[in-house]
Amino acid sequence: ILNVEQSPQSLHVQEGDSTNFTCSFPSSNFYALHWYRWETAKSPEALFVMTLNGDEKKKGRISATLNTKEGYSYLYIKGSQPEDSATYLCALPYSSASKIIFGSGTRLSIRP
Amino acid sequence: NAGVTQTPKFRILKIGQSMTLQCTQDMNHNYMYWYRQDPGMGLKLIYYSVGAGITDKGEVPNGYNVSRSTTEDFPLRLELAAPSQTSVYFCASSQTGRDTEAFFGQGTRLTVV
């Protein structure tokens with residue numbers, strides 16, 4: 001089964017600081033990479049879907065990059081705010097893109 | 001816009017009981033998924049379906065069954081509930097399963113006692 005690894009497992013950041021975290025995956029048979037934001041007691045919501053090597057996506061203060069040749073993606077948050085506190089999941093379609101397999105997530109806490 | 005709807009939201013089961021978690025989507029998505037939330041492990045795929053009449057096992061299928069008789073509905077059946085099945089269950093759907101995002105239901109919190 002596909003091994004999707006996220007690091008760090010958890011992160012505590014001061015409000016206003018910028019931060020980033022990593023999703024690593026096998027570089028063979030790549031179809032796409034998804035980033036989701038998951039707030040406590042809610043459902044995961046998609047941030048980005050990335051399909052091409054070198055892809056860069058941006059939504060407000062959050063951006064992501066993708067390197068399919070070396071098998072990693074970075075998610076960046078600029079000027080962290082308390083509302084950014086959430087678990088950030090990456091996920092990859094696997095097995096002819098039928099299954100979507102998730103990493104274990106990075107839990108981000110913002111200190112005011 | 002209803003999106004993905006799961007019922008019930010909460011349920012307590014006794015060991016050995018059975019139940020069906022309902023999931024329906026109104027986006028005409030072919031791909032549907034059932035996940036469980038394990039602490040510190042993110043989401044684990046239980047079963048998935050690529051269209052009506054087609055289902056397949058995910059990472060943790062033991063103790064569960066699914067069916068997909070229509071595009072809209074993808075129920076998850078628990079037979080002989082065990083304490084290890086205490087979890088939050090999420091149903092999701094996707095248009096292509098690959099380069100489009102998955103949309104999630106609100107989750108079902110199940111406790112087996």
Side-chain angles (χ1 to χ4, degrees), chain A residues 1-11 21 23-25 29-53 55 57 59 64 66 68 73 86-108, chain B residues 1-7 9-10 23 25 27 29-51 54-62 66 68 74 87-109:
Chain A
I1 204 88
L2 185 69
N3 191 26
V4 181
E5 295 190 357
Q6 290 189 246
S7 61
Q9 195 170 30
S10 64
L11 200 49
F21 24 93
C23 175
S24 302
F25 53 90
N29 295 323
F30 178 84
Y31 296 100
L33 183 141
H34 302 187
W35 280 104
Y36 293 84
R37 172 191 160 85
W38 190 8
E39 291 180 72
T40 303
K42 293 189 177 180
S43 304
E45 291 186 348
L47 286 169
F48 306 115
V49 175
M50 310 177 81
T51 56
L52 298 174
N53 185 43
D55 234 356
K57 300 276 186 180
K59 188 183 288 188
L66 176 65
T68 60
S73 175
T87 296
Y88 292 83
L89 298 168
C90 79
L92 281 89
Y94 170 67
S95 181
S96 301
S98 299
K99 310 179 187 186
I100 298 179
I101 303 297
F102 281 80
S104 54
T106 293
R107 190 170 193 165
L108 177 65
Chain B
N1 247 357
V4 180
T5 303
Q6 290 181 236
T7 55
K9 289 188 176 152
F10 305 94
C23 176
Q25 52 95 5
M27 296 175 282
H29 287 170
N30 281 324
Y31 292 77
M32 294 188 76
Y33 311 87
W34 274 106
Y35 293 91
R36 55 177 285 167
Q37 175 187 0
D38 291 334
M41 301 292 288
L43 296 171
K44 290 294 185 186
L45 181 65
I46 305 171
Y47 270 94
Y48 68 100
S49 169
V50 301
I54 307 169
T55 63
D56 205 349
K57 296 176 182 179
E59 301 170 275
V60 290
N62 291 344
V66 293
R68 185 95 182 271
F74 190 40
S87 188
V88 182
Y89 292 83
F90 287 97
C91 177
S93 74
S94 171
Q95 186 172 18
T96 66
R98 174 166 40 187
D99 49 5
T100 55
E101 66 208 83
F103 293 85
F104 285 81
Q106 335 75 308
T108 296
R109 182 175 292 276

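Proximity of a side-chain donor or acceptor of Tyr36(A) to a complementary backbone N or O of Ala102(B) within less than 3.5 Å is detected.
When heavy atoms are compared at a cutoff of 4.5 Å, Tyr35(B) approaches chain A solely by way of its side chain, counted from C-beta outward. At a 4.5 Å heavy-atom cutoff, the contact between Leu43(B) and chain A is made by backbone and side-chain atoms alike. Using a 4.5 Å cut-off between heavy atoms, Trp38(A) touches chain B through its side chain atoms alone. Looking at Gln6(A), there are no atoms closer than 4.5 Å to chain B (heavy atoms on both sides), in backbone or side chain.
Atoms CD and CZ, on Gln37(B) and Phe102(A) in that order, are 11.5 Å from each other to the nearest 0.5 Å.
The environment of CD in Glu39(A) is crowded: more than 12 heavy-atom neighbours from other residues, nucleotides or ligands sit within 6.0 Å. The number of heavy-atom neighbours closer than 6.0 Å to CZ of Arg37(A), taken from other residues, nucleotides and ligands shown, is above 12.
Listed here is the closest heavy atom pair of Arg98(B) and His34(A): O-NE2, 2.7 Å. Ser43(A) and Gly107(B) make their closest contact through OG-N, 4.4 Å (heavy atoms, listed as atom of the first residue, atom of the second, distance). Shortest non-hydrogen contact noted between Pro44(A) and Phe90(B) is CD-CE2, 4.2 Å. Heavy atoms only, all atoms of each residue included: Val49(A) and Glu101(B) are closest at CG2-N, 3.8 Å.
Counting heavy atoms from C-beta on, the side chains of Leu45(B) and Ile100(A) never come closer than 4.5 Å.
Residue with the most contacts toward chain A among Asp38(B), Asp56(B), Val88(B), Thr100(B): Thr100(B) (heavy-atom pairs, distance under 4.5 Å).
Residues meeting the side chain to side chain contact (heavy atoms under 4.5 Å, CB included) test with Ser49(B), sequence neighbours left out: Thr55(B), Arg68(B), Phe74(B).
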